[in-house]
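These notes are about the structure you will find just below.
Each ligand, and each atom within it, is numbered from 1 in the order the structure gives.
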Amino acid sequence: MGTATFWWRARSISVGVGSDWRLYEARIQKRGIVVSTRRRSSSLPTLIVSSMPYEKELAAAKKAATLAARLCQKVQKALLQSDVHSKSDKSPVTVADYGSQALISFILERELPSEPFSIVAEEDSGDLRKESGQDTLKRITELVNDTLASEGSNSFSILTTDDVLTAIDNGKSEGGSVGLHWVLDPIDGTKGFVRGDQYAIALGLLHEGKVVLGVLACPNLPLASIGSNQQHSSNEVGCLFFAKVGDGTYMQALGGSTQTRVHVCDIDNPEEASFFESFEAAHSSHDLSSSIAEKLGVKAPPVRIDSQAKYGALSRGDGAIYLRFPHKGYREKIWDHAAGSIVVTEAGGIVTDAAGNPLDFSKGKFLDVVSGIIVTNQKLMPSLLRAVKEALNEKASSL
Ligand SMILES: Nc1ncnc2c1ncn2[C@@H]1O[C@H](COP(=O)(O)OS(=O)(=O)O)[C@@H](OP(=O)(O)O)[C@H]1O
Ligand SMILES: [Mg+2]
């Protein structure tokens, strides 16, 4: 072990440990000390030791997802009101997808300037760099700049079209088991977005391959519970769910500041449970879900909503089970589950594949899951797993 050397800087202490490759930087923050290794190579680990770990990252993620939701709301409103664009016109969706990704990428860089992270995101700028993409790029740049201006700061940055392309392409990382990787779906539930239904902006953070925080902005999700018979006075929509490892899950109104801790439901009798599944039958086998529900004795009809809004709704106890069984050949992407899974687990739920294995986010862009993904509370998981196994066996033997 070498000798420790200290360098003092304005607001930080840096400690070099002898001839070791590591350079630890302790940044004294308002309410805690973060110690992070400045990596000299991407294969080296990143340490974060703090009395409030991931606090700054969570604040940045909430800000980024909230602003991206504002951009998407504007585009969805124009899309639904427009006489020009029919709902089958995909161009506004493209504008919102890219705009959301550019904005989030830009805000993460701006809010976390000294952190060595990468971003794994759904979109890339290939089409926007072509001659045919120039008008779309200009529109995206306008949208991003308008949204940044709406933050209320006098000194907001104005991005050029090149800045927007760079911000989008910062999402090209492959992820992995080492370091810090943001995982972003700029619009999850694109089909719901086009229909005027549910969608989510989903942003998670992986640290050494594990999801350590997640934020889900669900602009069209009612603040009051869905999927139940309860009567609510409020028709307000727009929810922000967020969770940090070991810290629980919270929900607040999108753009609001009062946060409420949420928990998955406490039901232990499957007959009282209701379940969520994809709106689109092409994304998840409704037949298989229905056979599992029947085996469990579930009486309520399925609640079909788009996107990771399902994870959010389940985390606050709106329903007890989420079943997702993509058709053969489909490979799940990490951005469709990273944020949602921690939102549910920190609310007391369990997320596994159909064989009961935890999801492994450390293998790059894809999740290798057995047959599907199932989500529920601790009490229902054993009977759910049995029903899933039976239904899958029956399906296999009928083929
Ligand atoms: N064939 C197929 N099978 C399974 N999943 C698929 C498939 N195609 C797409 N996708 C992914 O599903 C994401 C939308 O999530 P949901 O299935 O929850 O939405 S929906 O309720 O069906 O609208 C959707 O996310 P977005 O592309 O971000 O909208 C896709 O990542
Ligand atoms: Mg998605």
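Counting protein heavy atoms only, atom 23 (O) of ligand 1 is closest to Asp306 OD1, 2.5 Å. Of all protein heavy atoms, the one lying nearest to atom 31 (O) of ligand 1 is Asp336 OD2, 2.4 Å. Atom 18 (O) of ligand 1 has Lys310 NZ, 2.5 Å as its closest protein atom, hydrogens excluded (heavy atom only). For atom 9 (C) of ligand 1, the closest non-hydrogen atom of the protein is His283 NE2, 3.6 Å. Of the protein's non-hydrogen atoms, the one nearest atom 2 (C) of ligand 1 is Tyr330 CD1, 3.4 Å. At the top of the distance list for atom 1 (N) of ligand 1, counting protein heavy atoms only, stands Ala282 O, 3.5 Å. The protein atom (non-hydrogen) at minimum distance from atom 27 (O) of ligand 1 is Glu122 OE2, 3.3 Å. With hydrogens left out, the protein atom closest to atom 13 (C) of ligand 1 is Asp188 OD1, 3.8 Å, a heavy atom.
Note on Glu122: not counted as a metal contact of the Mg ion (ligand 2), no N/O/S atom lying under 2.8 Å.
Considering backbone and side-chain atoms together, Ile305 places an N or O closer than 3.5 Å to an N or O of ligand 1. For the pair Arg324 and ligand 1, the shortest N or O to N or O distance falls below 3.5 Å. For ligand 1, the polar-atom distance check finds no N/O of Lys191 at less than 3.5 Å from any of the ligand's N/O atoms. Where the criterion is an N or O separation shorter than 3.5 Å, residue side chain and backbone included, Phe279 meets it with respect to ligand 1.
No side-chain heavy atom of Asn220 sits under 4.5 Å from any side-chain heavy atom of Asp197. Here the side chains of Arg316 and Cys239 are in contact, with some heavy-atom distance below 4.5 Å.
Residue contacts with ligand 1 for Ser284 are absent, since no atom lies close enough (heavy atoms, distance under 4.0 Å). Contacts between Thr190 and ligand 1 below 4.0 angstrom, taking non-hydrogen atoms only, involve backbone and side chain alike.
Between Asp368 and Lys363 there is no salt bridge, since none of the side-chain N atoms of the basic residue sits less than 4.0 Å from a carboxylate O of the acidic one.
Side-chain contact check for Gln101 and Asp185: no donor-acceptor pair (N or O, by modelled atom type) lies under 3.5 Å.
Minimum-distance N/O/S atom of Asp188 relative to the Mg ion (ligand 2): OD1. The Mg ion (ligand 2) is closest to atom OD2 of Asp185 (considering only N, O or S atoms).
Assignment of Ser307 to the shell around ligand 1 is supported, since a heavy atom sits closer than 4.0 Å.
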